[in-house]
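Step one of this worksheet: look at the structure below.
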Amino acid sequence: MTALSWDGSAPPSGRTETSRTVDAGPLALRITAIGSEAEPAVTVTPLDVPGTLLIEARGTGADLRLRAEWQLPCTGATGYWTPNTNARWLPPSWALPREASLPKGAPVGSLVGAGDAALCTFAVGELVRPVTIGEGAVEETGRYSWWVEHDGPQLSLRLDLTRRHFADTVRESAAWWATLAPARDVPEAAFEPVFCTWYALHLAMTSADVEQLAELAAPLGFRSLIVDDGWQTDERTRSYATTGDWEPAPKDFPDFAGHVRRIQAIGLNYLLWHAVPFVGDRSRAAERLAGHTLAHLPLLETHLLDPRSATVRAHQVERLAAAVEQHGVDGLKVDFVDTFARKPPPGAAPHTASPEADCATVAEGVQKLLAELDARLRATRPEVLVEHRQDYLGPGLWPYATMVRATDCPHNAVENRVRTADLRLTAGPLAVHADPLTWHPGESPEQIAVLLQSVLFATAQVSVDLGAQSAEQLTALAFWLSVMKEHRTLLQRGELRPHRPELAYPLIEARHGAQLAFGRYAPLPLRAAGDWELLLVANADQDTLVRVEFDRPPGAVELLVQDCLGGAVARAQTPVGGTELSVRVPTGGLLTLRR
């Protein structure tokens with residue numbers, strides 16, 4: 001057992017606390033019941049995989065908060081992984097704690113060592129309510145410490161000390177969450193490429209503009225269209241003052257239902273953007289919902305609604321459902337849910353509850369809102385598509401969404417790559433979408449291909465003026481969308497292993513049965529272990545010499561090298577008698593090996 005040292009600090013506000021330290025095999029763990037004089041009951045259960053443990057604590061008391069603390073020697077650590085795509089260096093133990101709840105983040109983290117081994121991965125079995133998490137290196141002792149706590153009589157904590165690849169341990173933590181609450185079936189359409197209007201048009205759009213883009217998008221391989229912010233206002237300024245009524249702009253979208261039908265006739269699903277926490281300063285709804293808000297956001301010119309209010313929920317469900325029931329859209333983009341978790345600035349008054357508040361936390365109110373909306377939408381359209389985004393990404397969201405998207409990172413291929421890979425590990429059954437890819441009209445086809453390769457293991461979204469693209473730019477786009485379609489099961493549902501989190505994943509690997517795929521984003525060799533029949537390598541790096549290492553000679557292989565446009569650069573039947581193969585693959589190109 002690893003000995004732990006505790007600072008002996010008093011519980012907050014002088015509240016009563018009782019603690020129990022238990023032997024959990026390779027480490028010692030302290031469970032504290034804050035607000036109770038009774039010692040908490042703790043059970044430690046070894047799970048099926050040796051080195052994984054389930055710790056369950058129970059306490060008594062009307063105003064109880066449970067806390068778990070543990071430490072390990074911080075030896076061999078290379079980075080610290082959390083699902084919010086923060087910097088991967090090791091935080092100090094005195095850093096501010098983070099909070100995870102349904103509207104923001106997920107209660108999971110992993111201390112990663114050499115070879116991507118998880119030195120310790122933890123997950124908390126709370127899907128909705130806030131969990132406070134402290135984690136970091138202790139400078140006085142050289143240990144790494146964790147603590148998690150939340151209100152209520154029960155706390156469940158899953159620890160993985162197996163030193164397996166960190167991605168495997170995080171993915172198994174997500175699988176554990178799936179046993180705690182049911183998730184919905186996700187329609188196949190959620191995994192198909194999406195064209196989004198946001199970066200292409202921003203708010204300066206009309207129904208005619210959207211229909212023109214849709215006509216160009218469908219032949220390229222897109223199967224859904226998201227009409228983003230702007231459909232509900234004729235204004236062109238970046239303001240949310242007109243949100244909350246959720247009615248089509250009378251000038252720019254005069255016949256909304258007809259417009260939706262024309263898009264669908266092209267062959268695209270139609271999704272419509274809504275900022276569900278907002279009621280804008282100039283909306284008609286603002287007066288009716290006054291007194292049911294958490295805060296006013298002057299820079300955004302909007303109020304932040306209190307989802308604990310039945311009046312708020314009824315209004316939002318009615319207005320958002322109208323998009324499906326009255327206008328016939330196929331789904332919704334539900335935006336800004338993380339704003340519900342916004343903390344008041346220093347010195348500001350804390351959030352006040354609506355007089356109708358029917359649950360203790362805002363997170364529980366968000367769950368009620370999403371559940372009521374989901375029931376209403378699926379009554380009309382059972383396979384409705386609902387997109388949410390990072391960083392409201394935890395398991396509490398799963399029953400109410402079909403896809404989750406990386407948060408805004410325009411023009412940033414590296415950030416989009418890291419965010420989509422992180423989401424894949426914690427998204428459970430949901431389709432993971434890239435933030436819409438956008439580029440300058442003068443961008444090279446090669447670099448457009450690199451952008452698409454950076455989100456190879458997610459559903460691609462794109463947002464550019466398609467009418468301004470050259471034939472070669474469109475060819476590169478269509479080629480990589482076709483690769484993603486042909487290998488969708490491998491790329492989006494395969495077992496994902498992003499490598500070297502501390503270096504922003506210079507290599508990402510996915511495996512599905514006898515199929516193997518790599519995204520190569522740095523001049524690194526690839527290791528194709530195990531049996532395979534199909535091997536794909538997308539080369540997004542400027543180094544064109546791709547080296548593949550095998551654990552055994554593969555024998556005769558069929559080799560195909562394609563450039564960023566899909567044109568064949570090399571094709572051969574090649575005997576490979578050794579355990580390494582070096583092939584020139586153009587930047588933005590694809591290597592395909594078949595046995």
Side-chain angles (χ1 to χ4, degrees), residues 1-2 4 24-29 44-55 68-91 93 98 100 105-125 131 133-138 142-148 156-179 393-395 418 421-428 457 494-511 527 529:
M1 180 177 74
T2 300
L4 299 186
L27 78 165
L29 180 81
V44 179
T45 305
L47 301 177
D48 291 342
V49 177
T52 57
L53 304 167
L54 178 63
I55 295 97
E69 301 168 86
W70 68 103
Q71 294 183 357
L72 287 172
C74 190
T75 54
T78 58
Y80 192 70
W81 183 94
T82 68
N84 300 333
T85 315
N86 297 322
R88 301 303 194 203
W89 53 73
L90 301 180
S93 60
R98 61 184 168 106
V108 62
S110 183
L111 181 63
V112 183
D116 294 333
L119 306 180
C120 178
T121 295
F122 82 90
V124 181
V131 177
I133 302 167
E135 53 216 335
V138 182
R143 296 178 178 274
Y144 203 88
S145 70
W146 291 262
W147 59 266
V148 298
S156 298
L157 175 67
R158 186 183 190 275
L159 296 181
D160 189 312
L161 305 167
T162 60
R163 293 182 175 257
R164 294 173 297 158
H165 195 284
F166 85 94
D168 297 344
T169 66
V170 173
R171 191 168 46 249
E172 286 185 11
S173 297
W176 172 60
W177 285 331
T179 67
L393 50 85
V418 176
D422 288 344
L423 284 171
R424 280 287 308 275
L425 301 181
T426 56
F457 302 94
E495 182 180 274
L496 190 76
R497 282 187 172 182
H499 297 285
R500 304 298 299 271
E502 77 280 12
L503 298 178
Y505 302 146
L507 185 66
I508 299 180
E509 172 187 357
R511 181 182 291 274
R527 181 164 179 77

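Excluded from the calculations below are hydrogen atoms, water molecules and symmetry mates; all remaining heavy atoms, backbone and side chain alike, are included. Throughout, numbering of the chain's residues begins at 1 and tracks the sequence.
Side-chain polar atoms of Tyr80 and Asn86 form no donor-acceptor pair below 3.5 angstrom.
Atom CZ of Arg98 is separated from atom CD1 of Ile133 by 4.0 Å, given to the nearest 0.5 angstrom. The line from OG1 of Thr75 to CG of Leu111 is 9.0 Å long, rounded to the nearest 0.5 Å. Here the straight-line distance linking atom OG1 of Thr52 with atom CG of Leu161 works out to 8.5 Å at 0.5 Å rounding. The structure places NE2 of His499 at 11.0 Å from OH of Tyr505, a figure rounded to the nearest 0.5 Å. Atom CZ of Arg88 and atom CZ of Arg500 lie 13.5 Å apart (nearest 0.5 Å). Summarising the geometry, atom CZ belonging to Phe166 is positioned 9.5 Å from atom OG1 belonging to Thr78; distances are rounded to the nearest 0.5 Å.
Below 30°, between 30° and 60°, or above 60°: for Trp146 and Trp70 the angle between ring planes is below 30°, a parallel geometry.
The closest side-chain heavy-atom distance from Pro73 to Arg143 is below 4.5 Å. Side-chain contact between Val108 and Leu425: absent, with no pair of heavy atoms (C-beta onward) separated by less than 4.5 Å. Put simply, the side chain of Ser173 reaches to within 4.5 Å of the side chain of Thr121, judged on heavy atoms. Taking 4.5 Å as the limit, every side-chain heavy atom of Leu72 sits out of range of all side-chain heavy atoms of Leu119.
Pro83 approaches Leu393 most closely through the heavy-atom pair O-CD2, 3.7 Å. What you find for Pro498 and Ala421 is that their closest heavy atoms are CB-CB, 4.1 Å. Scanning both residues, Ala106 and Gly394, for their nearest heavy atoms gives CB-CA, 3.9 Å. Closest approach of Pro50 and Thr162 over heavy atoms only: O-CG2, 3.1 Å. Taking all atoms of both residues into account, the shortest heavy-atom contact from Tyr144 to Leu90 is CE1-CD2, 4.2 Å. For the residue pair Ser93 and Val138, the shortest heavy atom distance occurs at OG-CA, 3.7 Å.
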(request) Output, in order, the C-alpha distance, side-chain angles, deciding distance and verdict of side-chain contact (heavy atoms from CB on, under 4.5 Å) for Arg497 and Arg511. (result) CA-CA 9 Å; Arg497 282 187 172 182; Arg511 181 182 291 274; over 6 Å; no
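Of the residues listed (Arg164, Arg171, His165), the one engaging Asp168 in a side-chain hydrogen bond (donor to acceptor under 3.5 Å, both in side chains) is Arg171, and it is the only one.
For the pair Trp176 (side chain) and Val124 (backbone), a donor-acceptor distance under 3.5 Å is absent. Judged by distance alone, the side chain of Arg424 and the main-chain N or O of Leu496 form no donor-acceptor pair under 3.5 Å.
Salt-bridge annotation for Arg527 and Glu509: absent, with no side-chain N of the basic residue lying under 4.0 Å from a carboxylate O of the acidic one.
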